[in-house]
Amino acid sequence: MEPVDIGLWGVPLAILGGAIRVSTPFIFVSLGETITERSGRINLGLEGILVFGAMAAYAIAVMTGSPWLGVLGAAGTGAVFGLFHGWICKFPKVNDIAIGIALMLFGSGLAFFFGKPFIQPSAPDLPAISLGWWSDIPQVQAALSVNVLFLIGAALAFALWWAFRHTRAGLIVRVVGDSSDAARAMGLNPDTVRLLATAVGGAFAAVGGAYLSLYYPGSWNEGISSGQGLMAVALVIFARWNPLGCFAAALLFGGAGALGPALQSVGVTQGYYLFYAAPYILTLAIMVATSSPGRSLAGAPGELSITK
Amino acid sequence: MAKPLMINRRRFLQTTAMGAALGVAGTSLPLRRAFAADLTIGFIYVGPKDDYGYNQAHAEGAATLKAMEGVTLVEEENVPETVDVQKTMESMINLDGARLLFPTSFGYFDPHMLAMAAKFPEVQFRHCGGLWTEGKHPKNTGSYFGYIGQGQYLNGIAAGHATKSKKIGFVAAKPIPQVLQNVNSFLLGARSVDPAITCQVIFTGEWSLAVKEAEATNALIDQGVDVVTCHVDSPKVVVETAAGRGAYVCGYHANQAPLAPEKYLTGAEWNWANVYKMYVTKLMAGETLPNFTRGGLSDGFVKMSALGPAVGEAARKQFEGTLAEIMKGGFAVFKGPLKDNKGNVVATAGQSFVETAIELESMGYLVEGVLGSTS
């Protein structure tokens, strides 16, 4: 099919396409971190888990030929890392932030170590669903070729939002996150709940990594993440611990990230370093606009070590 | 319970003394021995050495040294362009006894390599891509580089024949002279086929940013670009993304044909083995090493990937004709009249810069026909 000259329409199209293509790792990592933080723990190690997940998914996909096995395997390794974090933090006077930073370095280092032989081979990609069938413009079709993981991520965001409000499991996580004493009075063991919440969070983050290495950009190398896991953890605060907020923030971040290349491609070439900073400027602006001296960090779980 | 972990003072002193003694022996012995027949050489890479790109090209060159008698190779990957590289160099010198170091990444040169060269005057340092200047930089340092712009010019010829939309694209990392020269050469090569061709450049701002490189490639193709090349450390993502969208690709740094066998036209590859062998042979023979080494296709510093199946007969003919011309030496990609894309004259009629022209190494402009800006 011949490409059509779309001119300046390329910019909104790139933002839309970027929001869909780039946001998925942010969605998974921030949803995972929301679960963990709602239970009263911070896991800063998700960046390391993301990188390890990307490596594990790629390696498994190369060896078995099945990208879905890769995603499952990555989720498994992420859960193990999460359990590790949760288990250490169970001990008294352990600082979860420090453990998280250690885990971030450990996960990345381990991924680099095991990932060496997998930089060269090509793994099978995850399938994409074409939602652009209604248009005959190839650019629109390319922008709307949506990966299954993105759809799963979107569904998970809604499911979690509903589950936190309307299910017993959601209530348990919230109670543990807001007050350990209240949870104990209800007969719950906060440590067990947090252990599981961190494990689930780790599994989510690793799936985000699998998306990076198996779909977009679709290859494993040591610079694959460039700090996306850390940004996603920050997005959780930005989204006020709300799964739907995480989804929206991830879309915003993906779209804003596509702005720099798209503007250069249509001829706005001056100051591209500034456009590349767009997502961060946007985050700062919204944080400043929504914060107030009266009610700081609305929605923050009461047991978080940063708010206690 | 904590008994096994307890270390008494005497034990502690014994082990640390032993460690220190070993450390001293480790630093002094190889250095003294290194002046005999054998030679330890250190290679430092900014990324993984199997990245289908810049680092792989260097590592392939380094690997050929292993076959040489009396040569020991020490390598370290993923060393950032920060004070980390100074630590790496220091440990290669002190612990491994390296006498010749190749810090291969652009940002290693100033201040890191220069600082180490001042500290270890007996060790030789050769940097890839830096502009070594007589009188300004120490005698035990130097730089080597290849005129790979010629390769991008040939890439441009293949691209000029392959493009239907008359738009070709370039994913570039940073607007430094080497990159700008490649962008300009790529367009000039294509314009030697059809002067109506334009080249859209997108700068990502970093040597290795997989997601941004993929976004840049998609943005180019959305604007109708149908041949893409790049100058980033690992072209793998650009090549796979472009071929996935149905565009043709020209390679860079190393051979990426296996990643897109149908869409790969040709590629400009480094051929560092000759350069590294030259340095090592000279050093082992006790000769002084050159401080400033440059070479192009005709010197065997650069080579081209084999032409892909999508290259037509006319393209093949012009490609091979120009290649033969370049192999004679003295070929000028940049010749007047030539303007930059802001309208300033960069070469007057009759003026030409042959590959060896030192002006080309401080290039700060994009030529007319390149859509993009350097800042």
Side-chain angles (χ1 to χ4, degrees), chain A residues 1-11 13-14 17-18 21-22 25 112 115-122 125 137-140 142-143 145 212-213 216-226 228 254 257-273 275-277, chain B residues 46-53 55-56 77-78 164-165 167 169 171-172 174-175 200-226 233-234 236-241 244-247 258-260 341 366 370-375:
Chain A
M1 206 180 305
E2 284 299 303
V4 184
D5 188 8
I6 54 168
L8 287 175
W9 281 104
V11 177
L13 193 67
R21 285 190 297 254
V22 183
F112 292 178
K116 262 289 142 246
F118 297 101
I119 296 176
Q120 285 258 334
S122 285
D125 275 358
I137 303 172
Q139 288 96 324
V140 174
S145 132
L212 281 177
S213 64
Y216 195 78
S219 80
W220 157 247
N221 70 56
E222 291 157 9
I224 187 92
S225 145
S226 47
Q228 292 183 55
L259 196 63
L263 281 176
Q264 284 191 66
S265 78
V266 298
V268 183
T269 52
Q270 293 288 340
Y272 49 84
Y273 281 108
F275 297 132
Y276 285 151
Chain B
V46 73
K49 61 183 186 183
D50 36 15
D51 61 354
Y52 269 107
N55 300 297
Q56 181 175 331
E77 306 168 80
N78 296 315
K164 288 197 186 72
S165 63
K167 284 184 191 166
V171 180
K174 300 183 183 190
Q200 177 79 54
V201 59
I202 293 185
F203 290 100
T204 62
E206 266 307 328
W207 292 115
S208 182
L209 274 181
V211 173
K212 200 150 275 168
E213 286 156 17
E215 277 300 298
T217 312
N218 275 314
L220 285 172
I221 292 165
D222 283 345
Q223 286 301 318
V225 162
D226 57 0
D233 269 356
S234 173
K236 192 179 180 192
V237 166
V238 173
V239 169
E240 286 185 334
T241 310
R245 291 279 307 261
L259 297 174
N341 66 359
L366 292 163
V370 178
L371 312 174
S373 111
T374 55
S375 62

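Keep in mind that what you see is a predicted model, and the values were worked out from it rather than measured. Each chain gets a letter, A, B and so on, in the order its sequence line appears, and its residues count up from 1.
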Legend entry - Partner residues of B/Phe203 under the ring-ring contact (aromatic ring centres under 6.0 Å, His included) criterion, sequence neighbours left out: A/Tyr272
Inset, instruction - Could you tell me which residues satisfy salt bridge (Lys or Arg N to Asp or Glu O under 4.0 Å) with B/Lys49, sequence neighbours excluded, listed by chain and number? - result: B/Glu75
Inset, instruction - Counting only heavy atoms closer than 4.5 Å, note whether A/Pro121 contacts chain B via side chain, backbone, both or neither. - result: backbone
Legend entry - Close side-chain approach of A/Pro217 to B/Glu213, heavy-atom, < 4.5 Å: no
Legend entry - Contacting region of B/Val211 [heavy-atom separation from chain A under 4.5 Å]: both
Inset, instruction - Check whether the side chains of B/Glu215 and A/Tyr216 place a donor and an acceptor atom closer than 3.5 Å, and report yes or no. - result: yes
Inset, instruction - Pick one of side chain, backbone, both or neither for B/Val171, based on which atoms fall under 4.5 Å of a heavy atom in chain A. - result: neither
Legend entry - Selection from B/Leu259, B/Thr374, B/Asp51 maximising heavy-atom pairs under 4.5 Å formed with chain A: B/Thr374
Legend entry - Nearest atoms (heavy-atom pairs only) where A/Tyr273 meets B/Pro175: OH-CD, 4.0 Å
Legend entry - Part of B/Asn218 lying under 4.5 Å from any heavy atom of chain A: side chain
Inset, instruction - Quick one: closest heavy-atom pair of B/Asn78 and A/Lys116, and the distance? - result: ND2-NZ, 4.3 Å
Inset, instruction - Select, from A/Ser219, A/Gly223, A/Ala143, A/Ala14, the one with the greatest count of heavy-atom pairs under 4.5 Å involving chain B. - result: A/Ser219
Inset, instruction - Test side-chain contact (heavy atoms from CB on, under 4.5 Å) on A/Ser122 and B/Glu240 and set out the steps. - result: CA-CA 10 Å; A/Ser122 285; B/Glu240 286 185 334; 3.3 Å; yes
Legend entry - Rounded distance (nearest 0.5 Å) linking atom CG of B/Leu209 with atom OG of A/Ser225: 10.5 Å
Inset, instruction - Using non-hydrogen atoms and a 4.5 Å limit, figure out which bit of A/Leu263 sits close to chain B: side chain, backbone, both or neither. - result: neither
Legend entry - Most chain B-contacting option - heavy-atom pairs closer than 4.5 Å, from A/Ala258, A/Gly267, A/Ser265, A/Gly115: A/Ser265
Inset, instruction - Just give me the residue among B/Gln200, B/Gln56, B/Glu77 that pairs up with chain A most often, heavy atom to heavy atom, under 4.5 Å. - result: B/Gln200
Inset, instruction - Work out which heavy atom in A/Gln264 is nearest to a heavy atom in B/Ile202; give both atom names and the distance. - result: OE1-CA, 3.4 Å
Inset, instruction - Could you tell me the separation between the CD atom of A/Glu222 and the OG atom of B/Ser208, rounded to the nearest 0.5 Å? - result: 9.5 Å
Legend entry - Donor-acceptor contact present, side-chain A/Gln139 to main-chain B/Asp222, <3.5 Å: yes
Inset, instruction - Could you tell me whether a side-chain N or O of B/Lys236 sits under 3.5 Å from a main-chain N or O of A/Trp220, the two making a donor and an acceptor? - result: no
Legend entry - Non-hydrogen side-chain atoms of B/Lys212 and A/Ser226 separated by less than 4.5 Å: no
